[in-house]
Amino acid sequence: MKRLFALIVILFMGQTVIFAQKEKAVKEADVPARFVKDFQNQAKDAQNISWSMALDSSAYMASYTDNEGNAMAMRFTQKSTETRYYIEPQYYPHAIKDSVHNLYPSHKISCVYARSLRNKMSYQARIVRMKGILWWKKETDVKILSFETDGKMIEVVDEL
């Protein structure tokens, strides 16, 4: 009976890891040289840098902290470079919190960041619904909500 219980626990933990993998950590040496050079030119004060790659190899992201300790990231694709400025939960814009609460009451905000793409600023909020029991929970129904800087919702995209 103990072995059966241990096997069930291991299976549940393994499934949690499988569902959580959206990106794969990579070494800087495995990132295309063009992206590394662009990152080094644009984020000269970067510290604690970690690189990841989308599972389909369509994008690379450098997550880092700036010299003031702010969490940031740069996402590189063949067509564009996006800069993300992560916002602490206590500073989430009220328009975003209200929209999530009213439109998606069963979801929680995972993170909010200001996004600079092609010299246009916007906000993005990642929202999730947690499903499971006790300590075994997984994210379900993950969505990315895009907002203009005035708080007006632009689009909703389901995260794969």
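In this text, all values refer to a predicted model and were calculated from it rather than measured experimentally.
- V36 and V26 end up in the same hydrophobic cluster when Ile, Leu, Val, Met, Phe, Trp and Tyr side chains are linked at under 4.5 Å.
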- Given the rule in the side-chain contact (heavy atoms from CB on, under 4.5 Å) test, do S122 and E148 qualify, once you have shown the distances and angles that lead to the verdict? CA-CA 5 Å; S122 63; E148 293 179 354; over 6 Å; no
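- Between Y60 and F39, the distance from one ring center to the other does not fall under 6.0 angstrom.
- Of the inter-residue distances, the one linking C111 atom SG with I144 atom CD1 reads 7.0 Å to the nearest 0.5 angstrom.
- Listed here is the closest heavy atom pair of Y123 and I87: CE2-CD1, 3.6 Å.
- Scanning all heavy atoms of the two residues, the minimum distance from V112 to A125 falls at CG2-CB, 3.9 Å.
- Cluster annotation: Y92 is not connected to Y85 through the hydrophobic network of ILVMFWY side chains, with a link wherever side-chain heavy atoms come within less than 4.5 Å.
- Y91 and M121 are members of different hydrophobic clusters when ILVMFWY side chains are connected at heavy-atom separations under 4.5 Å.
- A 4.5 Å side-chain heavy-atom check between L117 and S80 finds at least one atom pair inside the cut-off.
- Separating the NE2 atom in H101 from the CD1 atom in I109 is a distance of 11.0 Å, to the nearest 0.5 Å.
- By the 4.5 Å heavy-atom criterion applied to side chains, L103 and M153 are counted as neighbours.
- Rounding to the nearest 0.5 Å gives a distance of 9.0 Å between OH of Y113 and CZ of R126.
- The CG atom of N48 sits 13.5 Å away from atom CE of M72, with the distance rounded to the nearest 0.5 Å.
- In terms of heavy-atom proximity, D38 sits nearest to F76 at CB-CE2, 3.8 Å.
- V156 and V100 fall within a single hydrophobic cluster, where Ile, Leu, Val, Met, Phe, Trp and Tyr are joined by side-chain heavy atoms under 4.5 Å apart, directly or via other members.
- Here the shortest heavy-atom pairing between F147 and I154 reads C-CD1, 3.6 Å.
- Here M74 contributes atom CE and F35 contributes atom CZ; the two are 11.0 Å apart, rounded to the nearest 0.5 Å.
- Here the side chain of N70 pairs no donor or acceptor atom with the backbone of D66 at under 3.5 angstrom.
- When all heavy atoms of A95 and G151 are compared, the pair lying nearest together is CB-CA, 3.8 Å.
- A distance of 10.0 Å separates CZ in R118 from CD in E82, rounded to the nearest 0.5 Å.
- I96 and V142 fall into different hydrophobic clusters, where Ile, Leu, Val, Met, Phe, Trp and Tyr residues are linked whenever their side-chain heavy atoms come under 4.5 Å apart, directly or through other members.
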| task | Please lay out, stage by stage, how Q78 and R34 fare under the test side-chain contact (heavy atoms from CB on, under 4.5 Å). | result | CA-CA 10 Å; Q78 294 298 329; R34 175 182 141 214; 3.2 Å; yes
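- Using a 4.5 Å cut-off on side-chain heavy atoms (C-beta onward), M130 and K108 make no contact.
- In this structure, T81 and Q42 approach most closely via the heavy-atom pair CG2-OE1, 4.2 Å.
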